[in-house]
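Since the structure comes first, as structure tokens, the remarks are kept for the end.
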Amino acid sequence: MNESGSLSGTGAAFARIQASDGNSSLELSSQLPTFAINPWDVMLCISGTIIACENAIVVAIIFYTPSLRTPMFVLIGSLATADLLAGFGLILNFVFQYVIQSETISLITVGFLVASFTASVSSLLAITVDRYLSLYNALTYYSEKTVLCIHMMLIVTWGVSLCLGLLPVLGWNCLDDYSSCSIVRPLTKSNLTLLSASFFFVFIVMLHLYIKICKIVCRHAHQIALQQHFLTASHYVATKKGVSTLAIILGTFGASWLPFAIYCIVGDPDYPSVYTYATLLPATYNSMINPIIYAYRNQEIQRAMWVLFCGCFQSKVSFRSRSPSDV
């Protein structure tokens with residue numbers, strides 16, 4: 001059977017390049033062993049290592065800093081945990097692909113990656129909702145109702161992610177029917193279509209909420225300027241900075257995931273596997289950039305980082321706690 005252009009696992013999961021009838025193809029890890037290492041798999045492993053290291057620091061900071069227990073930091077911790085698991089999954093994928101060859105391990109690993117990346121995308125949506133609520137309901141944001149809402153979002157985020165990750169393990173895979181395979185083996189076409197449709201839904205909701213956030217930020221800045229009886233240059237600077245930051249957040253998310261999500265729908269398992277790798281690798285970069293955008297830019301986390309790694313931090317700079325609406 002000629003199995004060209006298929007990918008075993010999420011993206012590069014459980015596959016390797018082999019020569020078959022003169023063409024490059026991706027075979028299940030249960031096939032004959034090969035010692036040739038695909039450079040795309042190496043890049044995915046390197047990406048996973050960087051992702052795991054970056055997000056492990058964020059998780060450690062939030063876990064060991066009692067003051068970082070507000071809803072905003074809980075959501076950032078959820079995002080960092082999801083990205084940490086995704087990076088760890090990419091590393092495991094590389095190890096199991098070239099060391100341990102088993103269909104059972106392949107299914108478990110692909111389910112692990114699906115759950116991790118789904119939790120990452122869902123956590124981004126939860127952070128967006130939190131930012132919107134902090135602006136739209138500013139007076140009641142720090143109430144118990146908000147805390148309950150955050151906890152519910154976390155339960156839904158990780159519950160849905162776990163369910164989607166279990167689907168391939170519980171039988172929704174194409175190991176016994178190659179004709180139903182997608183570009184990402186062993187996921188079926190219908191399974192991958194569901195995941196892509198879920199991403200587009202999340203992206204549209206985030207776009208809608210960030211447009212609303214942008215309008216609220218601009219309106220607040222304008223009102224403050226009017227209370228001072230004139231429009232200062234700082235008003236325009238602050239508004240432009242807020243809009244630019246929102247554009248960077250949404251633009252980074254879209255640029256990372258949209259190519260892979262679109263190719264998952266229009267791609268065919270008989271297409272060259274390089275197309276799948278070329279769209280998957282940028283998707284992993286989103287988990288690499290997330291801690292920079294959502295964690296390392298925050299002054300409270302910067303201070304906690306110094307305390308955690310230096311232990312003798314004495315700051316001459318006045319830090320202030322940032323709310324979710326600080327964009």
Side-chain angles (χ1 to χ4, degrees), residues 7 9-13 44 47-48 51 55 75 78-87 89-90 93 109-132 153-154 156-168 172-173 181-211 246-269 271 275-290 293-294:
L7 187 63
T10 298
L44 285 172
S47 178
I51 290 170
N55 288 280
L75 292 176
S78 173
L79 174 63
T81 301
D83 288 333
L84 171 62
L85 293 176
L90 290 173
N93 163 61
T109 308
V110 72
F112 185 82
L113 286 170
V114 169
S116 301
F117 281 117
T118 301
S120 176
V121 173
S122 300
S123 295
L124 288 174
L125 176 61
I127 290 176
T128 305
V129 173
D130 180 57
R131 286 183 166 181
Y132 173 73
M153 284 196 296
L154 288 176
V156 172
T157 292
W158 286 95
V160 171
S161 301
L162 180 61
C163 290
L164 291 177
L166 285 175
L167 290 179
W172 200 2
N173 58 69
C181 282
S182 66
I183 60 171
V184 180
R185 293 192 70 190
L187 298 181
T188 63
K189 295 177 182 178
S190 55
N191 192 345
L192 199 59
T193 299
L194 172 63
L195 294 175
S196 298
S198 301
F199 165 80
F200 287 121
F201 172 76
V202 170
F203 182 76
I204 292 174
V205 173
M206 288 181 61
L207 177 61
H208 177 70
L209 289 176
Y210 271 127
I211 290 176
L246 293 176
I248 291 174
I249 292 174
L250 196 61
T252 300
F253 177 63
S256 299
W257 277 105
L258 277 176
F260 182 66
I262 294 174
Y263 185 67
C264 285
I265 296 177
V266 304
D268 188 271
Y271 290 170
Y275 297 157
T276 304
Y277 280 115
T279 53
L280 171 67
L281 188 61
T284 65
Y285 292 161
N286 186 67
S287 296
M288 193 183 302
I289 298 173
N290 281 338
I293 295 178
Y294 294 95

Notebook entry, point to check: What do the steps show when you test Tyr132 against Tyr210 for side chain to side chain contact (heavy atoms under 4.5 Å, CB included), and what is the final call?
Noted result: CA-CA 8 Å; Tyr132 173 73; Tyr210 271 127; over 6 Å; no

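- A pairwise comparison of heavy atoms in Ala119 and Thr157 identifies O-CG2, 3.9 Å as the closest pair.
- The CZ atom of Phe199 sits 9.5 Å away from atom CD1 of Ile204, with the distance rounded to the nearest 0.5 Å.
- Partner of Leu164 under the side chain to side chain contact (heavy atoms under 4.5 Å, CB included) criterion, chosen from Leu167, Leu162, Leu166: Leu167.
- Among all heavy-atom pairs drawn from Gly89 and Thr109, the shortest one is O-CG2, 4.2 Å.
- Within a 6.0 Å radius of CZ in Phe201, no more than 12 heavy atoms belonging to other residues, nucleotides or ligands are found.
- Side-chain contact between Val121 and Phe253 is present, with at least one heavy-atom pair separated by less than 4.5 Å.
- Take Ser123 and apply the side-chain hydrogen bond (donor to acceptor under 3.5 Å, both in side chains) test, not counting sequence neighbours, and it matches Ser78.
- A distance of 11.0 Å separates CG in Leu85 from CG in Leu90, rounded to the nearest 0.5 Å.
- Ile265 contributes atom CD1, which lies 11.5 Å from atom OG of Ser182 (distance to the nearest 0.5 angstrom).
- No side-chain heavy atom of Ile51 sits less than 4.5 Å from a side-chain heavy atom of Leu84.
- With sequence neighbours left out, the ring-ring contact (aromatic ring centres under 6.0 Å, His included) criterion links Tyr294 to no other residue.
- Within the 4.5 Å cutoff, side-chain heavy atoms of Leu75 are placed close to those of Leu154.
- At least one side-chain heavy atom of Phe117 sits under 4.5 Å from a side-chain heavy atom of Ser287.
- How far OG1 of Thr128 is from NE2 of His208: 12.0 Å, rounded to the nearest 0.5 Å.
- In this structure, Asn290 CG and Asn55 CG are separated by 7.5 Å, a value rounded to the nearest 0.5 Å.
- The shortest non-hydrogen separation linking Ile249 to Arg131 is CD1-NH1, 2.9 Å.
- Under the side chain to side chain donor-acceptor pair (under 3.5 Å) criterion, the residue pairs touching residues 190-202 are Trp172-Ser190, Thr188-Ser190, with sequence neighbours excluded.
- Under the 30°/60° scheme for interplanar angles, the aromatic rings of Tyr271 and Tyr275 are found to stand perpendicular.
- Ser120 and Asp83 are linked by a side-chain donor-acceptor pair at a separation below 3.5 angstrom, with hydrogens and angles left out of the test.
- The nearest pair of heavy atoms linking Val202 to Leu125 is CG1-CB, 3.9 Å.
- For the pair Tyr285/Met288, a side-chain contact is recorded, criterion being any heavy-atom separation below 4.5 Å from C-beta on.
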Checklist line | Intermediate values then yes/no, side chain to side chain contact (heavy atoms under 4.5 Å, CB included), Leu187 and Asn173 | finding: CA-CA 5 Å; Leu187 298 181; Asn173 58 69; over 6 Å; no

Note to self: Could you go through Val205 and Phe200, starting from their C-alpha distance and side-chain angles, then the distance that decides it, and tell me whether this counts as side chain to side chain contact (heavy atoms under 4.5 Å, CB included)?
What the structure shows: CA-CA 9 Å; Val205 173; Phe200 287 121; over 6 Å; no

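- Closest of all the heavy-atom pairs between Tyr263 and Ile183 is CD2-CD1, 3.2 Å.
- The side-chain hydrogen bond (donor to acceptor under 3.5 Å, both in side chains) search around Ser47 returns Thr284, not counting sequence neighbours.
- Listed by chain and number, the residues in a side-chain hydrogen bond (donor to acceptor under 3.5 Å, both in side chains) with Ser122 amount to none (sequence neighbours excluded).
- With sequence neighbours left out, the side-chain contact (heavy atoms from CB on, under 4.5 Å) criterion links Ile289 to Thr252, Ile293.
- Side-chain contact check for Phe203 versus Trp257: every heavy-atom pair is 4.5 Å or farther apart.
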